[in-house]
Amino acid sequence: MPIDIPLWHHRINKALSLHGSKHDEWKKNIDFYTGDWFKNNIDYDPERIEVSFVFSFVKTLIPAIYYKDPYIFSKARSSLYQMFGETMEEVINHAWNDLKLRQEIKFSVLDSILSPPGWIKLGYIADFGEDVAKLKESKEGFIGKIIERLTEVRKDKTAFESGILSDEIREESVFAQYISSWRILMAPGYHRVKNMPYLIEVEDIAIEDLVKNKMYKSVKNSVSPTRSVSIPDSSNLTVVGPQKLLGSSGADKADMTRLYHVWDRRGGVRFTLAENLATDTLFDGKWPYSADGFPYKPLIFNDVPQTDKDASPYPVSDIKSMTPQLVELSQVRTQMVKHRKRSGTVVIVRKGQFTDDEISNFEQAEDLSVIQVTNLAPDTIQNFNPPALPQDVYKINDIILQDLMRESGLLQLLTSSPQRGIETLGEARIIQQGSELRTSDKVAIIEDFTIEVSRYLASLLWEFYDRRKVSEI
């Protein structure tokens with residue numbers, strides 16, 4: 001069945017619109033994490049103190065819920081397959097460590113906190129530029145490929161020479177890699193990924209890498225660049241050495257394009273479209289894997305119930321509910337610091353009574369400010385201290401911090417002792433138990449996610465690894 005390219009571009013645009021509805025929330029969460037929320041959302045104030053609560057929360061939460069690789073057990077349900085189960089167990093754990101999945105999953109956990117959901121993509125690569133589905137079309141072709149590998153020494157191109165820049169992807173190997181949530185588009189109108197008819201991965205690729213990739217059709221040569229790499233403005237930086245680098249043109253030059261990798265479960269196909277190419281696909285082929293579901297696995301901590309008007313496929317982040325308190329906490333801290341800087345003694349002197357150098361020496365030597373006025377009697381000096389900051393400001397700071405600690409569960413992660421403001425043992429236990437339940441819930445979710453990833457990985461290993469590959473392990 002031919003692929004209706006205009007229809008799929010329309011679906012991509014709708015998926016982009018749904019995805020874009022979460023961008024504002026995700027950007028603000030990342031700003032809280034990096035300490036740039038006020039600069040990017042309010043205004044720049046050199047005296048503002050932005051409390052890095054989210055950074056501490058994330059850096060404490062991730063090792064608390066996922067700090068080491070799991071060991072995957074494979075148990076046969078029948079004694080006839082006991083040896084097979086033991087072999088599969090060894091192969092899965094070897095692949096898990098070889099693919100460095102711990103780091104990939106930690107990236108996914110970070111996304112699931114700040115810009116959920118987190119994603120892991122799994123698959124198998126035969127030869128660079130070769131369609132795995134075509135390799136499986138005939139048993140003879142698949143066995144022939146195995147024999148070829150056993151009997152022939154070939155000089156293949158490296159991944160880089162084939163336009164593939166990911167270190168996780170190697171020839172004749174399974175792969176499992178983190179994909180940013182900013183790069184996965186979900187089908188509108190569906191709540192759960194397992195029920196969606198399609199998923200779309202977005203990729204920005206350099207034109208030279210696109211042309212090198214043997215997977216794509218010759219039409220790739222007609223794809224024109226539409227995007228350029230965004231870099232910070234360096235116009236205010238001092239350049240040491242040559243003022244102009246070789247090859248620099250003084251303006252951003254578009255040298256990249258955007259691809260959409262579509263996995264269509266209805267049609268049992270996958271294909272790739274370029275955003276500025278409406279005449280043909282860059283690649284299309286059959287669904288390559290026998291495992292159930294998409295080769296993209298989502299990690300979701302805070303699901304949002306669907307309603308009669310919104311399927312709510314995108315979960316809510318842990319940070320969104322903290323936003324009002326995070327803003328107020330930074331505002332209060334800024335108020336405290338500004339008051340501290342202005343709380344020194346103020347000295348009023350008659351203008352001309354002291355030289356500018358003398359006044360400068362006074363201000364540098366002591367915690368005071370000197371103000372010169374004209375309507376003051378000669379040889380007269382007056383001083384006063386600004387009033388103290390109201391105690392309510394400090395109380396509000398403590399209350400906001402307590403709210404954040406309770407809502408995030410960070411206190412339980414840091415210490416087992418009760419916080420200020422907790423008056424009874426029962427109240428302390430309730431708060432601690434609530435925090436433990438939230439942390440335990442996240443651990444259970446990651447365990448389920450790990451099982452889902454390992455099962456799909458096992459299916460790929462069973463489907464594509466031959467006896468030679470297993471014996472090497």
Side-chain angles (χ1 to χ4, degrees), residues 18-44 48-67 105-120 178-184 186 298-306 310 312-334 396-415 419 431 434-446 449:
L18 175 64
H19 190 267
S21 66
K22 304 298 294 184
H23 287 185
D24 185 61
E25 176 189 336
W26 293 355
K27 288 177 181 176
K28 288 181 178 179
N29 292 342
I30 294 172
D31 286 342
F32 278 124
Y33 179 71
T34 59
D36 295 323
W37 190 90
F38 281 92
K39 182 181 71 174
N40 294 337
N41 294 275
I42 304 297
D43 56 11
Y44 175 72
R48 175 171 281 117
I49 301 299
E50 189 158 351
V51 182
S52 57
F53 183 90
V54 171
F55 184 84
S56 301
F57 168 67
V58 171
K59 288 300 182 182
T60 306
L61 177 62
I62 291 179
I65 60 179
Y66 190 84
Y67 65 95
I105 291 181
K106 285 180 69 175
F107 284 135
S108 297
V109 172
L110 180 61
D111 267 8
S112 67
I113 297 171
L114 299 177
S115 53
W119 294 93
I120 290 290
Y178 152 78
I179 301 292
S180 170
S181 54
W182 293 80
R183 296 296 182 183
I184 300 294
M186 292 197 263
L299 175 59
I300 297 174
F301 287 141
N302 306 303
D303 204 357
V304 177
Q306 58 182 332
D310 189 355
S312 304
Y314 289 97
V316 66
S317 68
D318 287 89
I319 311 303
K320 184 176 182 180
S321 61
M322 306 181 198
T323 299
Q325 291 95 331
L326 291 170
V327 174
E328 285 300 320
L329 182 63
S330 293
Q331 298 278 34
V332 169
R333 290 292 176 85
T334 300
I396 291 173
N397 176 81
D398 292 342
I399 292 171
I400 294 173
L401 196 56
Q402 290 172 22
D403 289 342
L404 286 171
M405 287 292 192
R406 294 173 187 176
E407 189 166 347
S408 65
L410 181 59
L411 180 66
Q412 186 269 334
L413 298 173
L414 294 173
T415 177
Q419 67 191 91
I431 293 171
S435 301
E436 290 174 348
L437 286 173
R438 285 195 294 271
T439 305
S440 300
D441 180 57
K442 282 182 167 58
V443 171
I445 290 171
I446 289 182
F449 177 69

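Just so it is clear, the structure is predicted and the values come from calculations on it, not from any experiment.
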Item checked: Among L299, V58, N29, side-chain contact (heavy atoms from CB on, under 4.5 Å) partner for I113 ->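 For I113, the side-chain contact (heavy atoms from CB on, under 4.5 Å) test succeeds with only one of L299, V58, N29, which is V58.
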Check: Between L329, V332, I400, which is the residue that forms a side-chain contact (heavy atoms from CB on, under 4.5 Å) with V51?
Finding: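 The option that passes is L329.
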Smallest separation among heavy atoms of [X] and [Y], with atom names:
{"X": "S317", "Y": "E25", "value": "OG-OE2, 3.2 Å"}
{"X": "P117", "Y": "S181", "value": "O-CB, 3.1 Å"}
{"X": "Y33", "Y": "L114", "value": "CG-CD1, 3.9 Å"}
{"X": "N302", "Y": "P315", "value": "O-CB, 3.0 Å"}
{"X": "S312", "Y": "D310", "value": "N-OD1, 2.9 Å"}
{"X": "T334", "Y": "R48", "value": "OG1-CG, 3.4 Å"}

Starting at [atom1] of [X], measure out to [atom2] of [Y] and round the result to the nearest 0.5 Å.
{"X": "E328", "Y": "L404", "atom1": "CD", "atom2": "CG", "answer": "11.0 Å"}
{"X": "T60", "Y": "I65", "atom1": "OG1", "atom2": "CD1", "answer": "11.5 Å"}
{"X": "S112", "Y": "F107", "atom1": "OG", "atom2": "CZ", "answer": "13.5 Å"}
{"X": "S21", "Y": "Y314", "atom1": "OG", "atom2": "OH", "answer": "7.5 Å"}
{"X": "R406", "Y": "L401", "atom1": "CZ", "atom2": "CG", "answer": "10.5 Å"}
{"X": "K22", "Y": "M186", "atom1": "NZ", "atom2": "CE", "answer": "9.5 Å"}

Under 4.5 Å between any side-chain heavy atoms of [X] and [Y], yes or no?
{"X": "L61", "Y": "V109", "answer": "no"}
{"X": "M322", "Y": "F32", "answer": "no"}
{"X": "F38", "Y": "D31", "answer": "no"}
{"X": "K39", "Y": "E50", "answer": "no"}
{"X": "S330", "Y": "W37", "answer": "no"}
{"X": "L110", "Y": "Y178", "answer": "no"}

Item checked: Step-by-step side-chain contact (heavy atoms from CB on, under 4.5 Å) determination, S180 to D111 -> CA-CA 7 Å; S180 170; D111 267 8; 4.1 Å; yes
Notebook entry, point to check: Above 12 or not: heavy atoms from other molecules or residues under 6.0 Å from NZ of K27?
Noted result: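 12 or below, so no.
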Next item on the list: Could you label the plane-to-plane angle of the W182 and H19 rings as parallel, tilted or perpendicular, counting under 30° as parallel and over 60° as perpendicular?
Entry: perpendicular
Next item on the list: Might you work through the side-chain contact (heavy atoms from CB on, under 4.5 Å) test for K442 and D318, ending with a clear yes or no?
Entry: CA-CA 11 Å; K442 282 182 167 58; D318 287 89; 3.0 Å; yes
